[in-house]
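All chains are named by letter (A, B, ...) in the order of the sequence lines, taking the proteins before the strands, and each is independently numbered beginning at 1. Keep in mind that this is a model prediction, so the values were computed, not measured.
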2 protein chains.
Amino acid sequence: MDIRRLRYFVAVAEARSVGKAAERLRMAQPPLSVQIRKLESEIGAPLFRRGTRGMDLTEAGQALLARASEALALAADGIEAARAVAAGSRGRLSVGYMFVLANAMLPRLIPELRRSIPGVDLDFAELSASTREARLLDRSVTVALCMPAIHHPEIQVARIGAQPFMLAMPIRSPFARLGSVPMARLQGRPLIALPPPERDPSSSAVAALLRRHQIVMPIASRVETVHSAMSLVLAGEGFGILPACARLGAPRGIVFRPLRDATDSIDIAVCWRRDSHSPLIRTFLKCAEKAVAPL
Amino acid sequence: MDIRRLRYFVAVAEARSVGKAAERLRMAQPPLSVQIRKLESEIGAPLFRRGTRGMDLTEAGQALLARASEALALAADGIEAARAVAAGSRGRLSVGYMFVLANAMLPRLIPELRRSIPGVDLDFAELSASTREARLLDRSVTVALCMPAIHHPEIQVARIGAQPFMLAMPIRSPFARLGSVPMARLQGRPLIALPPPERDPSSSAVAALLRRHQIVMPIASRVETVHSAMSLVLAGEGFGILPACARLGAPRGIVFRPLRDATDSIDIAVCWRRDSHSPLIRTFLKCAEKAVAPL
DNA sequence: CCGACCCATACGTTTTCGGTATGCCAATGG
DNA sequence: CCATTGGCATACCGAAAACGTATGGGTCGG
């Protein structure tokens with residue numbers, strides 16, 4: 001069975017005439033007549049009553065017409081929807097983000113996205129450092145806002161910004177009275193550390209920073225997230241060396257101070273699978289760049 | 001665009017593999033692969049991600065799949081529905097009936113119909129003597145229960161029963177005390193007459209009955225319906241010579257008595273357009289015969 | 001490094017479709 | 001009563017599309 005036959009059938013039913021329908025379909029009358037008869041023989045019953053002045057639907061024909069025209073509309077809508085999704089004007093975009101960036105970026109990013117791609121369903125998911133790669137690879141998120149960027153052969157990275165490191169401490173810490181903290185003063189102080197990049201602890205930006213200044217800070221605790229780090233800092237367990245934007249989500253009682261002489265920063269990046277070719281990714285990247293610009 | 005392509009697409013999407021889908025479709029793998037690529041080029045975007053272990057839908061493919069499978073189901077249901085309507089197991093049957101027959105037949109006919117053709121929507125309409133032909137000819141009713149039968153070249157008639165004539169009179173009429181009324185006693189009595197068959201008054205069954213018995217009854221009134229006739233009879237305007245089943249709908253105060261020596265009767269018939277070939281008509285005829293049998 | 005698996009491409013064959021010419025039937029009009 | 005018109009059906013031919021077989025070219029697993 002062929003959708004062309006159904007299309008022809010609907011045309012004839014609506015025109016109530018083979019000739020008129022043929023004209024509208026830009027084809028000759030005889031082949032249309034043949035197709036209609038083929039459809040009838042396929043169904044095993046006449047769909048039209050042939051009168052001397054055109055064709056008229058039988059009851060069977062009416063039953064078919066209702067479904068066929070709906071099916072045609074659905075099929076057309078299907079290919080239209082596929083095109084729209086491919087073009088990025090419809091569809092779904094799953095955005096993953098690391099929680100440290102939420103306060104700094106989402107309030108600007110989300111309205112920007114809704115304005116740029118109004119037909120697209122947005123879907124946000126918080127990512128942890130340990131699962132973000134897997135979530136990209138298994139496509140449960142399409143793009144990820146990461147800090148720092150992901151390094152993986154299958155994952156494409158676009159750096160959209162950076163955050164300087166700041167020293168996080170309880171407000172009652174002596175350093176809190178300083179406008180900025182010289183690196184040298186950190187010597188020997190306890191550090192609340194985040195997980196280093198997998199399999200290469202020395203590549204951590206914080207580790208590199210300390211090494212370059214020849215500072216040694218004993219690791220008081222290792223925690224998974226920036227927020228856990230801040231909790232321990234607040235509890236007096238040690239200092240945090242954290243991206244500046246983390247202060248937007250910091251609990252009361254924590255203060256951030258610049259590190260004097262330290263220009264190191266940590267990248268903010270948009271990451272996606274190399275084989276995801278959705279145009280939504282480009283659009284998302286543009287929006288994310290706008291949202292990150294004021295930082 | 002061809003529904004075959006959509007069918008192939010759905011098969012491949014469900015099998016997640018061209019080869020498997022080809023097997024299920026009983027065709028070779030290469031042409032299926034070609035068709036899928038043609039569909040993709042028609043849409044202008046890839047619908048599948050080709051992996052080393054089969055195919056996987058892209059977002060555009062998912063958008064299409066949802067609509068396409070629904071459209072396929074609808075199209076299949078459409079041809080199925082058309083077949084079912086043609087076979088008489090689904091559809092709609094518009095039944096016209098003359099009101100004289102309603103009390104006598106519908107209580108048995110309707111349950112019989114619902115049992116015989118449960119998938120068919122029934123639709124009942126009362127017919128008047130003057131419009132019943134038109135209602136059949138313009139197909140606003142499919143079958144009609146008539147008394148007497150319709151005679152028309154385009155209309156097919158099946159006699160399913162007959163009703164003897166009875167004399168209808170007010171209960172206070174002297175004849176009401178008789179068990180039956182001899183024809184001779186009607187001489188000169190006023191008659192409430194019904195409309196004669198169009199253009200041939202002498203062919204009326206009542207006229208023929210009176211003529212054969214050489215009785216003359218002056219026509220006190222001509223009315224359109226049996227019920228109107230009974231109203232006038234009750235009002236004392238004259239006698240009615242009416243089909244026996246009319247007494248089932250007679251108002252209080254009217255009695256019916258057999259006409260002695262008169263074996264004349266009036267046909268009950270099922271009528272339909274000659275060019276209506278719905279199998280529902282046969283089924284309806286069977287049911288009507290059953291429903292009329294006890295009369 | 002080789003075989004297995006799976007999709008893509010190429011080419012010849014067959015089916016199907018569409019166009020033109022024409023026939024048939026009924027209704028209309030002189 | 002016959003001719004004309006309008007509409008659908010049939011016949012035949014050329015063109016296009018689809019199918020099958022053979023084959024190529026990747027990747028994965030042993």
Side-chain angles (χ1 to χ4, degrees), chain A residues 1-58 60-61 72 75 79 137 153-154 273-275 277, chain B residues 1-58 60-61 72 79 137-138 153-154 273-275 277:
Chain A
M1 190 244 317
D2 188 341
I3 213 173
R4 191 180 339 149
R5 298 242 171 93
L6 291 185
R7 181 181 309 287
Y8 290 174
F9 164 74
V10 170
V12 172
E14 286 175 352
R16 306 167 62 89
S17 150
V18 179
K20 301 279 199 307
E23 197 172 339
R24 176 135 48 106
L25 293 167
R26 320 259 173 136
M27 65 185 291
Q29 169 264 321
L32 182 54
S33 183
V34 169
Q35 292 302 325
I36 295 296
R37 296 193 86 78
K38 281 189 181 170
L39 181 59
E40 286 178 319
S41 88
E42 182 184 328
I43 287 181
L47 298 167
F48 292 96
R49 262 184 290 274
R50 273 80 170 167
T52 176
R53 283 283 174 253
M55 323 258 287
D56 206 11
L57 282 173
T58 62
L72 286 176
I79 73 161
L137 291 174
E154 283 297 308
R273 269 189 76 123
R274 248 176 228 291
D275 65 358
H277 298 297
Chain B
M1 189 243 320
D2 187 339
I3 213 171
R4 192 180 335 151
R5 297 241 173 94
L6 290 185
R7 181 182 309 289
Y8 289 173
F9 165 74
V10 170
V12 172
E14 286 176 351
R16 306 168 63 88
S17 150
V18 179
K20 300 279 198 306
E23 198 172 339
R24 176 138 53 103
L25 293 167
R26 320 255 174 148
M27 65 185 292
Q29 170 264 320
L32 182 55
S33 184
V34 168
Q35 293 302 323
I36 295 296
R37 296 193 86 81
K38 282 189 181 171
L39 181 59
E40 287 178 320
S41 85
E42 182 184 328
I43 287 182
L47 299 168
F48 293 96
R49 261 184 290 275
R50 272 79 170 167
T52 176
R53 284 282 175 254
M55 321 257 289
D56 206 10
L57 283 173
T58 62
L72 285 176
I79 74 162
L137 291 175
D138 73 5
E154 282 297 307
R273 268 188 79 120
R274 248 176 231 290
D275 64 358
H277 299 298

Short side-chain N/O contact from S17(B) to OP1 or OP2 of dC6(C), under 4.0 Å: no
Identify which nucleotide among dT20(C), dA26(C), dA22(D) has an atom closest to any side-chain atom of P30(B), counting heavy atoms from C-beta outward. dA22(D)
What is the distance, rounded to the nearest whole Å, between atom CG of L47(B) and atom P of dA8(C)? 12 Å
Which of these passes side chain to side chain contact (heavy atoms under 4.5 Å, CB included) with M55(B): K20(B), R50(B), R16(B), R49(B)? R50(B)
In whole angstrom, give the distance that lies between atom CD1 of I36(B) and atom C1' of dC19(D). 15 Å
Measure distances between side-chain N and O atoms of Q29(A) and base N and O atoms of dA9(D), and say whether any donor-acceptor pair falls under 3.5 Å. yes
Rounded off to whole Å, could you give me the CG-to-P distance for the D56(B) and dC7(C) pair? 12 Å
Once you round it to whole Å, what is the distance between P of dA18(D) and CG of L39(B)? 11 Å
Check for a donor-acceptor pair, side chain of R274(A) on one end and backbone N or O of E154(A) on the other, with a separation under 3.5 Å. no
Can you tell me if the side-chain N/O atoms of K38(B) get under 4.0 Å from OP1 or OP2 in dA18(D)? yes
Length of the line joining E40(B):CD and dT9(C):P, which is rounded to integer Å: 11 Å
Separation of dA17(D) C1' from I3(B) CD1 (nearest whole Å): 18 Å
Contact class for G51(B) vs. all strands (heavy atom < 4.0 Å): base, sugar-phosphate, or nothing? nothing
Tell me: OH of Y8(B) to P of dA17(D), nearest whole Å? 15 Å
Can you tell me if the side-chain N/O atoms of R4(B) get under 4.0 Å from OP1 or OP2 in dA17(D)? no
So if I take every side-chain heavy atom of A28(A) and compare against dT21(D), dG19(C), dC8(D), which nucleotide ends up nearest? dG19(C)
Have a look at F48(A) and say if it touches a base, only the backbone sugar-phosphate, or nothing, with a 4.0 Å heavy-atom cut-off. nothing
Is the phosphate of dC6(C) approached by R50(B) (side-chain N or O, under 4.0 Å from OP1 or OP2)? no
Check the distance between dA8(C)'s P and Q35(B)'s CD and give it to me in whole angstrom. 13 Å
Phosphate oxygens OP1/OP2 of dA9(D): is one of them under 4.0 Å from a side-chain N or O of S33(A)? yes
Report yes if a side-chain nitrogen or oxygen of R37(A) is closer than 4.0 Å to either non-bridging phosphate oxygen (OP1 or OP2) of dC8(D); otherwise report no. no
Touch class at under 4.0 angstrom, heavy-atom based, for R5(B) against every strand present: sugar-phosphate
